[in-house]
Amino acid sequence: MRGILAIAAAVFVVLAPAGAMAAKVSKSEIAQTLSSQGYSVQDVGPNTLFVRVADYDIRIDIMGPDGDISYRTWLFEVDAKDVSYKVLNQFNNDVKFGRVYVDDDGDLTLQMDRNGAGGSSLANIESDFDVFLMLISSFMDHLESQVVA
């Protein structure tokens with residue numbers, strides 16, 4: 001699991017400087033980019049997209065004057081009551097660019113944010129989305145290893 005996360009973090013860091021000189025990316029550009037990769041993208045609000053990937057609905061929010069971007073999904077196949085805070089904290093300590101928490105509705109939620117200060121490029125968005133998908137897989141692997149251990 002750490003190998004996958006290390007690779008994801010490296011991709012995230014390597015491509016991040018490319019956004020430093022880029023302008024704010026629009027919601028429609030993000031939708032078009034992810035749609036062109038074959039993802040089912042739905043526009044659900046002035047600053048929000050939902051992207052369907054396998055069994056996950058990934059919410060993408062573009063927020064604030066800098067165009068900060070938040071990726072979030074709910075892990076409905078996992079009952080949050082069955083996951084200890086120790087397991088969540090261990091994952092959150094190991095992964096510095098994402099976090100898992102129990103939301104106000106009691107659902108297990110995975111979230112990753114990109115600071116938009118200075119702008120982002122479409123390449124940043126593509127790599128962020130790939131990293132977020134790997135993050136989902138890594139967390140599910142983390143949970144499975146906790147059950148087996």
Side-chain angles (χ1 to χ4, degrees), residues 1-83 87-88 91-145:
M1 175 178 92
R2 285 185 187 247
I4 290 173
L5 292 176
I7 291 169
V11 168
F12 192 71
V13 170
V14 167
L15 292 177
M21 302 304 287
K24 180 178 170 183
V25 177
S26 73
K27 182 179 74 164
S28 62
E29 290 173 312
I30 294 170
Q32 183 178 14
T33 297
L34 294 175
S35 292
S36 72
Q37 293 180 352
Y39 295 113
S40 174
V41 180
Q42 183 179 16
D43 186 333
V44 294
N47 300 310
T48 304
L49 298 168
F50 269 94
V51 183
R52 183 76 174 166
V53 179
D55 293 332
Y56 300 102
D57 287 317
I58 299 170
R59 180 178 173 144
I60 301 174
D61 290 303
I62 301 98
M63 307 173 300
D66 290 333
D68 294 342
I69 299 173
S70 179
Y71 303 85
R72 190 175 356 169
T73 193
W74 293 265
L75 306 169
F76 293 122
E77 72 271 27
V78 179
D79 188 341
K81 296 174 195 165
D82 296 335
V83 181
V87 168
L88 296 179
F91 184 80
N92 290 336
N93 285 331
D94 291 345
V95 177
K96 302 302 181 204
F97 52 89
R99 63 196 163 285
V100 177
Y101 57 92
V102 178
D103 70 11
D104 291 339
D105 294 327
D107 298 318
L108 201 57
T109 306
L110 179 65
Q111 184 171 347
M112 181 180 87
D113 300 321
R114 167 175 284 282
N115 183 334
S120 293
S121 70
L122 290 175
N124 291 138
I125 304 306
E126 290 178 62
S127 70
D128 289 351
F129 197 75
D130 291 340
V131 167
F132 190 69
L133 294 177
M134 286 192 289
L135 193 60
I136 295 169
S137 178
S138 295
F139 181 72
M140 297 309 286
D141 289 346
H142 174 75
L143 275 183
E144 188 174 309
S145 73

Selection residues 30-39 - residue pairs positive for side chain to side chain donor-acceptor pair (under 3.5 Å), sequence neighbours left out:
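Sorted result for residues 30-39: Gln37-Glu126.
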
Do Tyr101 and Gln111 pair up side chain to side chain, a donor and an acceptor below 3.5 Å, judged on atom types alone?
yes

So, Ser127 versus Asp130: side-chain donor-acceptor pair below 3.5 Å or not?
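No, no side-chain donor-acceptor contact under 3.5 Å.
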
Looking at [Y], is its backbone amide N or carbonyl O close enough to the side chain of [X] to form a donor-acceptor pair, meaning the two atoms are under 3.5 Å apart?
X      : Y      : result
His142 : Leu88  : no
Thr48  : Gly45  : no
Thr109 : Asp107 : yes
Asp128 : Arg114 : no
Ser138 : Met134 : yes

Can you name the salt bridge (Lys or Arg N to Asp or Glu O under 4.0 Å) partners of Asp57, sequence neighbours left out?
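Arg52.
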
Does Asp43 have any salt bridge (Lys or Arg N to Asp or Glu O under 4.0 Å) partners at least two apart in sequence or in another chain, and if so, which?
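Testing Asp43 for salt bridge (Lys or Arg N to Asp or Glu O under 4.0 Å), a comparison that skips the adjacent residues, returns Lys27.
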
Any idea how Phe91 and Phe139 line up, ring-wise: parallel (<30°), tilted (30 to 60°), or perpendicular (>60°)?
perpendicular

Should the ring pair Trp74 and Phe76 be called parallel, tilted or perpendicular, given that the plane angle runs from 0 to 90° and is split at 30 and 60?
parallel

Under the side chain to side chain contact (heavy atoms under 4.5 Å, CB included) rule, what do Leu135 and Phe97 come out as? Steps first, then yes or no, please.
CA-CA 9 Å; Leu135 193 60; Phe97 52 89; 4.0 Å; yes

Filter on salt bridge (Lys or Arg N to Asp or Glu O under 4.0 Å), then keep only pairs touching residues 69-79, sequence neighbours left out; what's left?
Asp61-Arg72

Any pair with a residue in residues 96-105 that passes salt bridge (Lys or Arg N to Asp or Glu O under 4.0 Å), sequence neighbours left out, goes on the list, sorted by first then second residue, please.
Arg99-Asp113

As an exercise, state the distance from OG of Ser145 to CG of Asp141, rounded to the nearest 0.5 Å.
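Taking OG in Ser145 and CG in Asp141, the distance rounds to 7.5 Å.
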
Please determine whether the number of non-hydrogen atoms from other residues, nucleotides or ligands lying under 6.0 Å from atom CG of Asp55 exceeds 12.
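Incorrect, the count does not exceed 12.
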
Go through the structure and list residues passing side chain to side chain donor-acceptor pair (under 3.5 Å) with Glu29, not counting sequence neighbours.
Ser26

Can you check side chain to side chain contact (heavy atoms under 4.5 Å, CB included) on Phe129 and Val51, steps first, answer last?
CA-CA 10 Å; Phe129 197 75; Val51 183; 3.6 Å; yes

